[in-house]
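Take this structure first; my questions come after.
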Amino acid sequence: MTLRVYDTRSRSKRELETLDEGKVGLYACGITPYSPSHIGHGRQAIAFDIIVRWLRHIGYEVNYITNFTDVDDKIISVANDEGVDFLEVANRNIADYFEGMDALNVLRADHYPRVTETIPEIVDMISILIQKGHAYVGGDGVYFEIDTSPEKYGQLTGQSLDMVRAGAGGRVADTGSGKRDHRDFALWKSAKPDEPSWPSPWGEGRPGWHIECSAMSLKLLGERFDIHGGGTDLLFPHHEAEIFQSECCLGHDPVVQYWIHNGMINVDGEKMSKSLGNFWTIKDALEQVDPLVLRYTMINAPYRQPIDFNQKMLDESSIHHKRMVSVYGESLSSFGTTDWGDVEILESASKRFAAAMNDDFNTRNAVVEIQSVVNSLRNLLDNGADADILAAGAGWLSEFAGEILGLLPTDESIQEMMAEDESARSEIESIVEPLLKERAEARASKDWPRADEIRDKLNELGVVVEDSPSGPVWRLQ
RNA sequence: GCACGAGUGGCAGAGUAGCUAUGCAACGGACUGCAGAUCCGUGGACCCGGGUGCAAAUCCCGGCUUGUGCUCCA
């Protein structure tokens, strides 16, 4: 079975053919750490985390890079407001990012390059661009000259030069005084007072926003690499700028074989963004919901679709996730020697799961398969299936819901949770049992008010009573 | 305005021509004193208008709606 991925540049799903057989070089644009991470960052990281996990699962060796833009206007502005060094701001927010990602069960990338650690490579790249005539030194920095390769314009967004010229309207005037054309973009910004800067052939300054990704991907993945990713909001101008820079610098195209873009998170139908002030930080979200439930919500839609974030969605995810975890936990205590491949429903579910993931990483469909296996196991658990099959089911979930989708807590923490439940249960048992007995007597004599009164009382203690054909069963809320 | 997407049942979301998505919700039944859980079952959709096909949610044209981009943004 072949893996097909949607490539933004060709606007089609294409079979993945890597430059080196069996290996994937993947670069995804990371964050600018000027404030705590929000759930949009979480979604992006989860999307690429799952892509990486799946690629590895089907046998690829993946080199996954995601960067930190650790020097930028906003970071400097926050630092100046606080009267601290810009790196203090960046480091603090990078730590926050890792904390959030760890909670969301995002595996670490292989490298996290930072702009401040890539200055020499950036300077080299700019020098080559100037030398090749694609860039020029303006009054306040170095700029890429769009007109030197107009054919590259609109590769990802389909916009033409004239359109952008027309659309930019009055906003052109206040950008980049040293530009020859408003569509040119900065490669190097000359130092201003109170700003960090580095020496360069064009004087003290710092890199423009776009050049870092070209330099970092070149440094870590080489002159051509397989996949470049990021949010759809980076399509223009950031990724188009990268195409200009990398391809003009290296003199060949394409540098990137596949462009992959994840959809945004919307809140109440509008894009979540800082300027609208409607964003949730990861911490905000985790105050309300379990991190793995948040992860579940994020992958319960294909990565390219926008997600409209709302409470109902979280509630539903929470129900589904809880059911999955408890079915897994209960199955875990079964011991058996049957491989899941020998159980028909598991075998066929795994095939459909793989087909879903191979179709542009369709996690939504993959989750459907998880749900159907969870339902089957629930059924078996309730009707006393043999341990062999349950154990095989637990193994299946561990592999597909756990290792690949990253949705399961560790076995240890599940067992811990179950043990806690058990001890809480035995603690309260001496109170519950006599009441249940009394209720049974009341029910036997058809004294329903009394029976309900006792049930209410148990509810107050956090005990849920359910009458089954074989008598009442109870559990803790 | 221009560019690129998207419009499928109450919700989320599959599905590039002929057959069923799936999950949740709803409804009916079984079981129940009631409730809950569970089991069995049911109904329900393809934005609008044209076109091409024996056949269209699926392809083509037009329209409408909506998202994103055109400015820092995952």
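First the proteins, then the strands, lettered A, B, ... as listed; each starts at 1.
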Ring centroid separation for A:F86 and A:Y34, is it under 6.0 angstrom?
-> no
Between the base of B:rU38 and the side chain of A:R378, is there a donor-acceptor distance below 3.5 Å?
-> no
Stacking check A:F236 vs B:rG69 (5.5 Å / 30 deg) = no
Whole-angstrom distance between B:rU20 and B:rG13, as gauged at atom C1' | 16 Å
What distance, rounded to whole Å, do you find between the two P atoms, one in B:rG43 and one in B:rG7?
-> 26 Å
Does the base of B:rG13 carry an N or O that pairs as donor and acceptor with the side chain of A:N365 under 3.5 Å?
-> no
Give A:V465 one of three labels, base, sugar-phosphate or nothing, depending on what nucleic acid heavy atoms sit under 4.0 Å from its own.
-> base
Look at A:Q305 and B:rA14 and indicate whether a side-chain polar atom (N or O) is within less than 4.0 Å of OP1 or OP2.
-> yes
When the aromatic ring centroids of A:F68 and A:Y112 are compared, is their separation below 6.0 Å?
-> yes
When all nucleic acid strands are considered with a 4.0 Å heavy-atom cut-off, which category describes A:I319: base, sugar-phosphate, or nothing?
-> nothing
Sequence neighbours left out, what passes side chain to side chain contact (heavy atoms under 4.5 Å, CB included) with A:D359? Give chain and number order.
-> A:R4, A:K13
Using purine N1 to pyrimidine N3 plus N6-O4 or O6-N4 for Watson-Crick, or N1-O2 and O6-N3 for G-U wobble, both under 3.5 Å, which nucleotide pairs with B:rA30?
-> B:rU38
Between atom CG of A:L234 and atom CD of A:E240, what is the distance when rounded to the nearest 0.5 Å?
-> 12.0 Å
Result of checking A:D360, A:N262, A:N362 against A:Y303 for side-chain hydrogen bond (donor to acceptor under 3.5 Å, both in side chains) = A:D360
Of all the choices, B:rG33, B:rU22, B:rG23, which nucleotide is nearest to the side chain of A:R439 once you look at every atom?
-> B:rG33
By nearest-heavy-atom nucleotide on RNA chain B, the more 5' of A:R11 and A:D233 is A:R11
Across the strands shown, which category fits A:G40 at heavy-atom distances under 4.0 angstrom: base, sugar-phosphate, nothing?
-> base
In whole angstrom, give me the gap between the P atoms of B:rG50 and B:rA56.
-> 14 Å
What is the distance from CG of A:N266 to P of B:rA74, rounded to the nearest Å?
-> 15 Å
Spacing of the C1' atoms in B:rA17 and B:rA57 (rounded, Å) | 10 Å
Donor-acceptor pair (no angle test) under 3.5 Å: A:D467 side chain, B:rC34 base | yes
Side chain of A:R364 - closest among B:rC24, B:rG33, B:rG13 | B:rG13
Looking at A:Y258 versus A:H228, is the centre-to-centre ring distance below 6.0 Å?
-> no
Using atom C1' of each nucleotide, how far apart are B:rU32 and B:rU66 to the nearest Å?
-> 48 Å
Per the atom types in the model, does the base of B:rA74 pair as donor or acceptor with the side chain of A:H261 at under 3.5 Å?
-> no
Out of B:rU22, B:rG36, B:rG13, which nucleotide sits closest to the side chain of A:E466?
-> B:rG36
Pairing partner of B:rG49, by Watson-Crick or G-U wobble and under 3.5 Å for both distances, is B:rC61
Looking only at side-chain atoms of A:R323, point me to the closest of B:rC24, B:rC70, B:rG33.
-> B:rC24
Identify, between A:I39 and A:Y6, the residue whose nearest nucleotide on RNA chain B lies closer to the 5' end.
-> A:Y6
In Watson-Crick or G-U wobble terms, with both distances under 3.5 Å, the base opposite B:rG69 is B:rC2
Any-strand Watson-Crick or G-U partner of B:rU22, both distances under 3.5 Å = B:rA12
Glycosidic conformation of B:rG53, syn or anti, with 90° from 0 as the boundary?
-> syn
Distance between P atoms of B:rG23 and B:rC40 (Å, rounded) = 11 Å
Heavy-atom donor-acceptor pair, A:R455 side-chain to B:rC34 base, under 3.5 Å | yes
A:H261 and A:H239 aromatic centres sub-6.0 Å = yes
